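Heads up, the thing below is written out as structure tokens.
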Amino acid sequence: MSFLDRVFARARRANRRIVLPEGDDPRVQEAARRLAAERLGIVEVLGQGPGGRPSPDSRLPACVKQLRNRRPDKFGSDAAAATALEHPLTFGACLVGIGAADVMVGGADYPTADTIRAALWAVGTAPGISLVSGSFYMVQGDSVLTFTDCAVVPTPTSDQLAQIALAAVRDRRRIVGDEPVVAFLSYSTKGSAAGPEVERVRAALAAFRRLAPDVRADGELQGDAALAPDVARRKAPGSPVAGAANVLVFPDLDCGNIAYKLVQRLGGWTALGPILQGLAHPVSDLSRGATADDIVETAALAVLQAEEQA
């Protein structure tokens, strides 16, 4: 059974409620049919597609209250909140926020910023985390690596890198089910080079160890020392990672985004994501070039993100 097969099987057992807010999009409609046919969750499609949201929606008052309670600075009146809820991603995220759905998957027709904004308004970040970030799950055969952040935060501070790593660890445990081993990546391995960027990665490791002292982690490490035990023995003897990393924390968005695309295109790995992480409840983003298959896979992964959060 492949990794994705295992994800689908676990999603079937979980039987979560999935809301797809962009029901006018044919890709979303097709994905909804596949999700239902594969029994990957209880699917609600908003908008004019099959199973579309009736207007007015009886849940609107609860969603207005959710926005006003969470962001009184932004929504000073019911009318302001109701106007915001005319955006399908905001309404869909609020359904998750009020407990009417477990997972939202959106962004097929809107930029990532719209999805993240809706998520922050409606559900907020998880305990101990103050920012949203993104991971890709890179899959080849039985190997699954978490690449983070490859989607959201351009130049994270040391503390933000630590939080990105913490969010990735939490989601890897839910989605993959193994024990995370974290490498904070750099052009330097354990003092082989010096400079402010190396110091930022070292500080990120120190911050992460304060947040998650039970998780195997090391840095700064070059990619080969993070992944290859024989290289790690030479470059980083005694490292707790020892070439066995499965969560790779990139120092900035340029590195992460470039790396996952090179591994995907040149290495032949499957890239699942981006998966938004760090939220109190799962709200997933889609590329505007997403296919129906992409939407189905993202929804199944998001269902597993909800396992310890429902």
Side-chain angles (χ1 to χ4, degrees), residues 16-25 27-29 31-32 35 41-134 151-153 163 167 274-286 288 290 295 298-299 302-303 305-306 308-310:
R16 299 290 185 180
R17 298 162 298 168
I18 303 166
V19 62
L20 304 176
E22 298 153 297
D24 290 336
D25 190 306
R27 297 168 297 168
V28 173
Q29 296 168 15
L35 286 165
I42 302 164
V43 183
E44 178 181 4
V45 183
L46 305 182
Q48 299 304 310
R53 164 186 156 201
S55 183
D57 194 295
S58 61
R59 300 166 294 186
L60 184 60
C63 288
V64 167
K65 183 178 180 180
Q66 176 76 358
L67 287 185
R68 294 201 64 190
N69 286 345
R70 281 198 43 76
R71 292 296 306 271
D73 59 319
K74 182 72 177 176
F75 304 107
S77 68
D78 286 0
T83 298
L85 288 163
E86 292 174 3
H87 195 301
L89 298 186
T90 304
F91 188 83
C94 267
L95 293 182
V96 176
I98 67 172
D102 299 306
V103 170
M104 187 196 89
V105 180
D109 300 314
Y110 296 94
T112 294
D114 286 10
T115 308
I116 293 175
R117 181 168 51 248
L120 290 174
W121 284 351
V123 305
T125 54
I129 295 176
S130 63
L131 79 164
V132 178
S133 56
V152 180
V153 186
Q163 291 188 42
I275 304 299
L276 292 185
Q277 58 190 25
L279 290 164
H281 301 284
V283 173
S284 291
D285 185 42
L286 297 167
R288 280 175 282 176
I295 298 170
T298 300
V303 163
Q305 285 181 289
E308 297 176 16
Q309 302 179 57

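Computed from a predicted model, the values in this text were never measured in an experiment.
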Are [X] and [Y] side-chain neighbours, meaning at least one heavy-atom pair lies under 4.5 Å?
X: Pro282; Y: Val103; value: yes
X: Val19; Y: Phe91; value: no
X: Val132; Y: Val283; value: no
X: Thr125; Y: Leu120; value: yes

- [ ] Could you tell me how the ring of Tyr110 sits relative to the ring of His87: parallel (under 30°), tilted (30 to 60°) or perpendicular (over 60°)?
- [x]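 Tyr110 and His87: tilted rings.
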
Minimum heavy-atom distance [X]-[Y], with the two atoms named:
X: Ser58; Y: Pro61; result: O-CD, 3.4 Å
X: Ile129; Y: Ala167; result: CD1-CB, 3.7 Å
X: Gly106; Y: Leu89; result: CA-CD2, 3.8 Å
X: Val43; Y: Ala32; result: CG1-CB, 4.0 Å
X: Cys94; Y: Leu85; result: SG-CD2, 3.7 Å
X: Leu46; Y: Pro88; result: CD1-O, 4.5 Å

Atom pair [atom1] ([X]) and [atom2] ([Y]), whose distance is rounded to the nearest 0.5 Å:
X: Leu286; Y: Thr115; atom1: CG; atom2: OG1; result: 7.5 Å
X: Leu131; Y: Leu279; atom1: CG; atom2: CG; result: 10.0 Å
X: Ser284; Y: Ile295; atom1: OG; atom2: CD1; result: 11.5 Å
X: Asn69; Y: Ile98; atom1: CG; atom2: CD1; result: 12.0 Å
X: Ile18; Y: Ile42; atom1: CD1; atom2: CD1; result: 9.0 Å

If only atom types and distance count, is the side chain of [X] paired as donor or acceptor with the main-chain N or O of [Y] below 3.5 Å?
X: Arg17; Y: Gly41; result: no
X: Arg68; Y: Gly76; result: yes
X: Gln305; Y: His281; result: no
X: Glu22; Y: Gly107; result: yes

Open item on the list: Quick check on side chain to side chain contact (heavy atoms under 4.5 Å, CB included): which of Arg70, Gln66, Arg71 does Trp121 satisfy it with?
Closed with: Arg71

TODO: Kindly determine whether Thr90 and Leu67 satisfy side-chain contact (heavy atoms from CB on, under 4.5 Å), including the steps that lead there.
DONE: CA-CA 9 Å; Thr90 304; Leu67 287 185; 4.1 Å; yes

Open item on the list: Under a 4.0 Å threshold between the charged nitrogen and the carboxylate oxygen, would Arg288 count as salt-bridged to Asp25?
Closed with: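 Not counted as a salt bridge, because no side-chain N and carboxylate O are separated by less than 4.0 Å.
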
- [ ] State whether Glu44 and Arg59 are salt-bridged, where the test is any N-O pair (Lys NZ or Arg NE/NH1/NH2 against Asp/Glu carboxylate O) under 4.0 Å.
- [x] yes

Open item on the list: With side-chain contact (heavy atoms from CB on, under 4.5 Å) as the criterion, how do Arg27 and Asp109 come out once you've worked through the C-alpha distance, each side chain's angles and the decisive distance to 0.1 Å?
Closed with: CA-CA 10 Å; Arg27 297 168 297 168; Asp109 300 314; 3.3 Å; yes

TODO: Apply the test side-chain contact (heavy atoms from CB on, under 4.5 Å) to residues Ile116 and Leu276: give CA-CA distance (whole Å), side-chain angles for both, the deciding distance (0.1 Å), then the verdict.
DONE: CA-CA 8 Å; Ile116 293 175; Leu276 292 185; 4.1 Å; yes

